[in-house]
Amino acid sequence: MSTLQAILADPRYHDYLAILKGARNGFVYGAKVRFPHALIMAILFGRGDWQTRLRVILRATQHHATNLAKFVTLYKSLLLLQKQLNGGKPRAHDSFFAGLLGGYVVFGERNAINEQIVLYVCSRVVASFIPRAGSPYGLGPASAGGAVKPVPPDSRYFSLFAAVSWGAVMWLFQHRGESIQPGMFSSMTYLYHDSDHWQSLRTLLWHNK
């Protein structure tokens, strides 16, 4: 036990053990995020008996958790490789190239789970360009030498961002629905098209169809 503890505390093994823990955290986080989402979607929109729905839930959870574990493992491994090739010194662009290759290898295959994850990441990247509240670019918390903390968007710019986003997605839904991600298209159909039709008081207020 003392030998194991010595290995865990040895700085020489830190980067390698960080890859192992990154894989563990990726799997756990992926499972925590996907399982409740898949469960709710199965309850609301699932088809078939509950045995079939359960298989879908478990398959989606395994896929999300495994892919996130793979990405973290590959990303941290590529960061370590680049640092070693540069004489033990990390560079600013290392994270971009590690994410670039990791994203292509792990999330490059087009399927429902990967598409949801990539769209989620893309939306965060786009939203990061909204000016921050009281934190102009170039003067963010990282430049102060302390720990980086997320700064919320400036409320004025966020209002404009929200308006453009909703205006664009509603136009796409009405006129170019084929270009919208399937999960979002199903949700929007439920909200905006299904609400135009009913046959009785029951299907007006209690059941959708």
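Just so it is clear, the model here is predicted, and its values are computed rather than measured.
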> Are there more than 12 heavy atoms of other residues, nucleotides or ligands under 6.0 Å from atom NE2 of His14?
Replying inline: no
Supply the atom-to-atom distance [X] [atom1] to [Y] [atom2], rounded to the nearest 0.5 angstrom.
{"X": "His63", "Y": "Arg34", "atom1": "NE2", "atom2": "CZ", "value": "9.0 Å"}
{"X": "Cys122", "Y": "Ile117", "atom1": "SG", "atom2": "CD1", "value": "14.0 Å"}
{"X": "Tyr16", "Y": "Leu20", "atom1": "OH", "atom2": "CG", "value": "13.5 Å"}

> Are Leu100 and Val105 grouped together when hydrophobic residues (ILVMFWY) are joined by side-chain heavy atoms under 4.5 angstrom apart?
Replying inline: no
Distance-only, no hydrogens or angles: does the [X] side chain make a donor-acceptor pair with backbone N or O of [Y] under 3.5 Å?
{"X": "Asp154", "Y": "Pro131", "value": "no"}
{"X": "Gln62", "Y": "Leu58", "value": "no"}
{"X": "Arg53", "Y": "Gly46", "value": "yes"}
{"X": "Arg110", "Y": "Gly108", "value": "no"}
{"X": "Arg176", "Y": "Trp171", "value": "no"}
{"X": "Asp94", "Y": "Arg91", "value": "yes"}

> Under the criterion side chain to side chain contact (heavy atoms under 4.5 Å, CB included), which of Thr73, Leu74, Thr66 is the partner of Lys70?
Replying inline: Thr66
> Side chains of Leu79 and Lys83: closer than 4.5 Å at any heavy-atom pair?
Replying inline: no
